[in-house]
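Structure record follows, encoded as structure tokens.
These figures come from a predicted structure and were not determined experimentally. Convention: sequence-line order gives letters A, B, ...; per-chain numbering from 1.
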Amino acid sequence: MSDQAQKLEEMDLLRFTTAGSVDDGKSTLIGRLMYDTKTIFEDQLEAIETTSRQRGDENVNLALLTDGLKAEREQGITIDVAYRYFATPKRKFIIADTPGHIQYTRNMVTGASTANLAVILIDARKGVVEQTCRHAFIASLLNIQHVALCVNKMDLVDYDESVYDAIVKRFREFASRLNINDIAFFPISALKGDNVVEKSENMAWYKGPSLLYHLESVYVGNDHNHVDARFPVQWVVRPQSDKYHDFRGFAGKVAGGVFKPGDEVTVLPSGFSSRIKTIHTFEGEIEEAFAPMSVTITLEDEIDISRGDMIVKPNNRPEAQQDLEMMICWFNEKKLKPGGKYEIRHTTQDAKALIKEVRYKVNINTLHKIEDDLEVGLNDIARVSVRASRPLFTDSYRKNRLTGSVILVDPFTHETVAAGMIVHR
Amino acid sequence: MTSYNLTHLQQLEAEAIFIMREVAAQFERPVLMFSGGKDSIVMVRLAQKAFHPARFPFPLLHIDTGHNFPETLEFRDNLVNELGERLIVRTVQDSIDQGRVAEEKGPNASRNALQTVTLLDAIEEFSFDAAIGGARRDEEKARAKERFFSHRDEFGQWDPKNQRPELWYLFNGKKSIGEHFRIFPLSNWTEMDVWQYIARENLALPTIYFSHDREIVARNGMILANSPHITLGDKEKVETRRVRFRTVGDMTCTGAVESVAHSIDDIIAEVAAARVTERGGRADDKRSETAMEDRKKQGYF
């Protein structure tokens with residue numbers, strides 16, 4: 001393999017969301033990151049130049065890069081999460097670009113569910129607004145560990161340090177009520193390129209790195225839970241061939257912790273114990289498996305295991321819960337039915353679920369609890385209690401995003417109507 | 001002490017393997033779309049890995065437009081023989097002969113759009129409820145909005161404005177009778193990722209991906225392969241150039257690039273320096289601003 005190919009192989013991956021209000025320069029920022037990392041191609045640029053001219057836009061409208069659907073282009077709004085990709089020699093980046101409109105909380109939640117980091121934009125002239133708080137709250141709710149707060153359009157406030165400081169102070173005050181580990185602040189101008197890829201000469205007072213440098217270097221290796229061993233069985237591999245006559249492997253993606261051959265394990269829900277015989281992959285047997293690897297595990301003993309079961313360690317089990325407490329985000333035009341029945345999916349497990357009670361809704365701009373209006377509709381965030389038709393093996397969402405999350409599905413339309421994040425009392 | 005970090009390729013691979021297994025578990029009759037192109041070759045490798053040491057629990061399906069590069073078809077057949085897998089081929093020619101579709105006319109005629117009907121007919125014929133494809137979100141702006149599990153109604157249509165939200169690794173493949181899903185395990189891969197993976201896995205590819213001398217016709221800034229399926233305009237002439245192809249579609253609408261890249265490493269270097277997208281040479285996407293979205297709504301991949 002050439003040096004170049006070798007180097008590319010050593011890159012890791014950062015998934016981030018971008019959120020901002022209308023016109024705060026989010027598309028310009030993404031355009032800037034992609035353009036300056038040479039990810040926007042000539043034919044793409046040509047295409048959006050043509051469209052910009054047709055629409056009569058003054059400048060090349062970089063938003064057109066992310067607005068892919070006809071309806072989005074017609075209405076000049078982003079309807080759906082768009083995924084964008086770019087890479088530097090250090091990292092590959094997946095951007096979940098989510099629309100900033102109030103009605104699209106569901107998209108923000110969707111984009112945030114797989115993100116390591118959230119980029120939140122603030123217009124330096126407007127400061128912290130309702131939408132900023134909403135974005136920060138959703139990042140916190142979805143347990144995104146890292147937030148990069150970009151105070152944009154610094155060029156329009158004469159690169160004034162005091163404007164920036166005031167915004168940082170205001171945001172810190174708000175964020176102290178949230179659960180975010182790491183917040184980094186950047187004074188930028190996406191349009192002019194200040195502090196996006198290169199450090200700006202216009203803000204000598206700013207001593208930190210550029211946004212891209214931060215994105216390239218922020219440590220996300222411990223975003224997965226490597227402590228609590230969780231292996232939801234996805235599929236049972238039975239080759240039925242002469243060579244692998246007795247092979248019975250349990251395929252899945254490690255959701256937490258570390259598994260090694262010889263480890264004592266317990267299988268839920270049966271509670272039977274065994275030891276790991278091999279951890280099998282296409283390349284051969286491996287010495288350990290950890291999140292987010294996809295592997296196949298074989299056990300010393302013949303135990304009846306099927307999809308939906310979970311392999312764990314005997315001294316560290318998830319909660320077996322039939323009554324679940326969770327924060328949900330409602331995704332459907334049809335309102336939540338208290339007492340209504342839905343299908344619930346948790347890891348590789350399916351069950352029925354009954355909504356027992358809506359405890360409160362959250363005003364996502366003020367973080368206040370709403371207890372006098374419990375009707376849960378599209379884009380609402382609420383705390384509910386749910387009864388599942390059988391025990392689910394859960395961790396709190398704070399502890400493990402993969403074993404702490406569920407979706408609710410309408411049994412008739414089959415639509416995904418809600419996302420839930422499990423709370424352990 | 002292990003550092004519990006995976007490279008970007010390892011993460012993408014683990015994700016795609018997860019999707020493959022999820023399809024096997026959630027659907028009754030899945031099928032893997034296989035064209036002999038690089039993305040579908042990567043998909044076959046991922047399917048092998050997902051179910052190893054068992055065989056993957058679905059057949060391969062190729063919708064043959066009749067305008068494929070002969071090198072690709074030869075490669076397809078060799079790979080299928082080597083794996084001992086079941087390959088189903090349905091042809092656009094049959095759809096034309098049966099009167100299901102009409103051939104386009106004119107010098108830019110292409111069977112690209114016609115294959116949608118052939119595909120939907122094949123899905124119905126075999127009652128497939130999930131068709132796994134190699135489409136990627138970085139290829140095209142409408143594809144950037146695709147889900148991993150993409151719902152199709154009973155007419156095979158995609159409704160981009162009303163897609164199911166997809167969170168974490170919880171995929172909802174529930175559907176009513178007659179509906180099906182398109183599944184895209186490579187959603188998060190880029191062209192570069194695919195090439196790096198091909199290099200890492202040492203995967204064999206059809207020869208047309210590598211530099212070779214070929215008779216071509218230059219048309220509208222594109223380099224098209226000369227073939228019996230192309231109608232020459234008055235001023236057009238056939239010439240020979242040293243080229244390769246970045247994607248493999250129909251001979252009538254897949255543009256070549258001038259290139260001397262004759263190894264995977266050369267190609268990776270070329271892709272890294274490329275200033276035009278992979279599908280920039282695809283006439284099928286150039287028909288209108290929303291050509292891909294329009295076709296996808298009809299049931300195209």
Worksheet entry | Counterpart residues, ring pair (Phe, Tyr, Trp, His ring centres under 6.0 Å), relative to H226(A) (two or more places apart) | F290(A), Y4(B)
Practice prompt. Using non-hydrogen atoms and a 4.5 Å limit, figure out which bit of S187(B) sits close to chain A: side chain, backbone, both or neither.
Written response: backbone
Item to complete: Check each atom of Q48(B) against the heavy atoms of chain A and say whether the ones under 4.5 Å are side chain, backbone, both or neither.
Response: both
Worksheet item: If you tally heavy-atom pairs under 4.5 Å against chain B, which of R401(A), M293(A), H280(A), R238(A) wins?
Response: H280(A)
Worksheet item: Can T110(A) and R164(B) be counted as having a side-chain donor-acceptor contact under 3.5 angstrom?
Response: no
Worksheet item: What part of K175(B) is in contact with chain A, defined as an atom under 4.5 angstrom from a non-hydrogen atom: side chain, backbone, both or neither?
Response: backbone
Worksheet item: Using the benzene-type ring in the case of Trp, are the ring centres of Y397(A) and W168(B) under 6.0 Å apart?
Response: yes
Discussion item. For a 4.5 angstrom cut-off between non-hydrogen side-chain atoms, does P57(B) reach W235(A)?
Written reply: yes
Worksheet item: Please, which pairs that meet salt bridge (charged side-chain N to carboxylate O under 4.0 Å, His left out) have at least one residue in residues 408-421 of chain A, sequence neighbours excluded?
Response: K334(A)-D410(A)
Fill in: chain B contacts, top residue of V417(A), V406(A), T114(A) (heavy-atom pairs, under 4.5 Å)
V406(A)
Worksheet item: Is it the side chain or the backbone of N202(B) that comes within 4.5 Å of chain A heavy atoms, both, or neither?
Response: neither
Fill in: Segment of R55(B) engaging chain A (4.5 angstrom heavy-atom cut-off)
neither
Practice prompt. Measure distances from I264(B) to the heavy atoms of chain A and classify the residue's part below 4.5 Å as side chain, backbone, both or neither.
Written response: neither
Worksheet item: Just checking, is any N or O donor in the side chain of N172(B) or T416(A) under 3.5 Å from an acceptor N or O on the other one?
Response: yes
Discussion item. Between the side chains of E22(B) and K253(A), is the shortest nitrogen-to-carboxylate-oxygen separation below 4.0 Å, so that they form an ion pair?
Written reply: no
Discussion item. Ignoring hydrogens and geometry beyond distance, is a side-chain donor-acceptor pair present between N188(B) and Y85(A) at under 3.5 Å?
Written reply: yes
Worksheet item: Within a radius of less than 6.0 Å around CD of E283(A), do more than 12 heavy atoms belonging to other residues, nucleotides or ligands occur?
Response: yes
Worksheet entry | Option from L13(A), L14(A), I94(A) for which side-chain contact (heavy atoms from CB on, under 4.5 Å) with H8(B) holds | L13(A)
Discussion item. Does this structure show an ion pair linking R15(A) with E15(B), if we count only N-O contacts that are shorter than 4.0 Å?
Written reply: yes
Worksheet item: Where do Q26(B) and R307(A) land on the side chain to side chain contact (heavy atoms under 4.5 Å, CB included) test, with the steps shown first?
Response: CA-CA 10 Å; Q26(B) 290 197 34; R307(A) 175 177 167 85; 4.0 Å; yes
